[in-house]
Each structure stands twice: as C-alpha cells, then as structure tokens.
Amino acid sequence: MKTLGPIELALRLLRRELTVSLRRRTELANPLFFFLIVCTLFPLGLGPSPQILAELAPGILWIVALLSVLMASDALFKGDFDDGTLEQILLSPVPLYTTVLMKTLAHWLLTGVPLTLLSPLLALMLQMPSEGLGALLLSLGCGSLVLSFIAAIGAALTVGLKRGGVLLSLLVLPLFVPVLIFGSAAVQRAVAGMDASSPLALLAALALFFLALAPFAIGGALRVSLDQ
C-alpha cells in the first residue's frame, strides 16, 4: 500500500473537508446572507449621507465580517462530534495537527474568502472611496484567516457543550478585537491616502503565527473537550 506524503495527505484532507462542508450549503450561505443583509441595513439606519457612510464604512464592513465568521464557527466541529467522527480523528494515525489545520483552512476558504470577495461590492454601496478597496481585500483576506483560527480554538473548547454558542462568543470576541483594530485601521489609512502597510504587515504576521501554532491549540482543546 502506497504511503502518502505529507503534502498529498494534507491536500486529500482539505479536499475531503471541502466536499463535506459543501453538502451543508445552508450553513455556508447563512454568514454570507448575514453579511449582505446587515451591511444593506446600515444606509437605512444612518441615512443616505455619502459622507457619513464613507467615514463609517471600514468599521461597518469589518465588524459585520467578524460577526459573520463567528456565526459560522459554532458548527466547525459540532457535526463531527455528534456523529462520532471526532473521536475517530483523535484515534487516527493521521497527525491531529494536519487534520485540524485542513478543517480550519476549509472553513476559511468557504467563509472568509467569500466574505472578502463580496466586500468590495458592499463597500461601494456604503460609499467608501475606491482607494480603500485594495486594503479592504488584503486586510479581510489575512484577517479572516486569523479569525477562523481563533474561532476554531473556541469551537474546539465548547464542542462538547449543548449550548456552547454563547460561551464561544464570550471566549473569542475579546481575541477578535486586535484583528478588528488592525483591519479597520488599514482600510481607514488607505481611504485617507496614507500608508497602510504597517497594519497590513501586522495582520499578515498574525496570520502566519496562527497558521503555524493555532493547530496545536485546537488539537489540545479537542482532547480536553472529549476527555470531559
């Protein structure tokens, strides 16, 4: 029997996670609809003034994107826990690091990336100047990856709880704050014609940090949750 290399194994796991997740299309669509609907409601609540909307647009987009990622995170490990797959994952010879890394990347690809791609359209609807669109895409691309890993740690800690959604929010929202600050600051600086490279570099560094180390924390949290 042929032994799979680490890269081929990781790609197969990622393909499997994407295939399984795509079967739950309603769960995938909910964050996108939430992002779209809430951003659409802001002009109705704040009024049609282009100046006010343009000033608030970076913060609005980032806050709603953050909440959309959080909305999709509760079910990250819940399905595997309910059907017993999670226990098999922990007993599998496949490294737990690789498995949770691919699960989290699949979550980001199906949640964070679509939100990022949808954001320029909503930014224009909120009258945000086009000078900030590049920074918006880059900041949401890196920032949503960080949010996915943070949310995955919280989801792993609360996976065994019947009503873990509220506790998940309490755990991860304080950790979301630095990402929100750097992300919205990058867009605001770009809109103002200033250099946005510093906050974008910080977001990229956070993304690499969590990409390398967060799977260890996620795996440990899953073991703790299943041992309870």
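Worth saying up front: this structure is predicted, and the values here are computed from it rather than measured.
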Output the distance between atom [atom1] ([X]) and atom [atom2] ([Y]), rounded to the nearest 0.5 Å.
X	Y	atom1	atom2	answer
L222	F77	CG	CZ	5.0 Å
S184	L56	OG	CG	11.5 Å
I218	F149	CD1	CZ	6.0 Å
L13	L101	CG	CG	9.5 Å
L66	L173	CG	CG	6.5 Å
L121	L36	CG	CG	8.0 Å

Tell me whether [Y] is reachable from [X] by hopping between hydrophobic residues (I, L, V, M, F, W, Y) whose side-chain heavy atoms are closer than 4.5 Å.
X	Y	result
F210	L208	no
L110	L11	no
L76	L86	yes
L41	L122	no
L200	V179	no

Output every pair passing salt bridge (Lys or Arg N to Asp or Glu O under 4.0 Å) with a member in residues 56-69, not counting sequence neighbours, ordered by first then second residue.
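Of all non-adjacent pairs touching residues 56-69, none passes salt bridge (Lys or Arg N to Asp or Glu O under 4.0 Å).
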
Is there any salt bridge (Lys or Arg N to Asp or Glu O under 4.0 Å) pair reaching into residues 97-106, and which pairs are they, with sequence neighbours excluded?
E17-K103, D80-K103

So does [Y] get a backbone contact from the side chain of [X], meaning a donor-acceptor N/O pair under 3.5 Å?
X	Y	value
R189	M194	no
S225	L157	yes
S144	G141	yes
S119	T116	yes

Can you see which heavy atom on [X] is nearest to which on [Y], and at what distance?
X	Y	answer
G219	L96	CA-CD2, 3.5 Å
V187	S139	CG2-OG, 3.6 Å
A185	P199	C-CG, 4.4 Å
P43	L53	CA-CD2, 3.9 Å
L115	V69	CD1-CG2, 3.9 Å
A186	A196	O-CB, 3.3 Å

May I ask you to test the [X]-[Y] pair for a side-chain heavy-atom distance under 4.5 Å?
X	Y	result
L118	P114	no
S169	L70	yes
L206	L202	no
L203	V146	no

Please report the C-alpha distance between M102 and L105 in whole Å, then the side-chain angles of each, then the deciding distance to 0.1 Å, and finally whether the side-chain contact (heavy atoms from CB on, under 4.5 Å) criterion is met.
CA-CA 5 Å; M102 293 303 109; L105 285 178; 3.6 Å; yes

Just jot down the side chain to side chain donor-acceptor pair (under 3.5 Å) partners of S148, sequence neighbours excluded, or say none.
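Scan of S148 (side chain to side chain donor-acceptor pair (under 3.5 Å), adjacent residues dropped) gives H107.
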
Verify the neighbour count for atom CD1 of I7: are there more than 12 heavy atoms of other residues, nucleotides or ligands below 6.0 Å?
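It does not: I7 CD1 has 12 such atoms or fewer within range.
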
Please determine whether the number of non-hydrogen atoms from other residues, nucleotides or ligands lying under 6.0 Å from atom CD of E55 exceeds 12.
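For E55, atom CD is not crowded (no more than 12 foreign heavy atoms under 6.0 Å).
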
Run the side-chain contact (heavy atoms from CB on, under 4.5 Å) test on I153 and L175 for me, step by step, so that the C-alpha distance in whole Å, both residues' side-chain angles and the decisive distance to 0.1 Å come before the verdict.
CA-CA 11 Å; I153 296 173; L175 301 176; over 6 Å; no

Quick one: list whatever passes side chain to side chain contact (heavy atoms under 4.5 Å, CB included) with A123, sequence neighbours left out.
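A123: side chain to side chain contact (heavy atoms under 4.5 Å, CB included) contacts with L61, M128, L133, L136.
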
Taking side chain to side chain contact (heavy atoms under 4.5 Å, CB included) as the definition, give me every residue that meets it alongside V113, ordered by chain and number, with sequence neighbours left out.
W108, L109, L117

If the condition is ring pair (Phe, Tyr, Trp, His ring centres under 6.0 Å), which residues does F33 pass it with, not counting sequence neighbours?
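With neighbours one apart ignored, the set is empty.
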
Walk me through it: do T19 and R23 pass the test side-chain contact (heavy atoms from CB on, under 4.5 Å)?
CA-CA 7 Å; T19 302; R23 294 174 183 171; 4.1 Å; yes

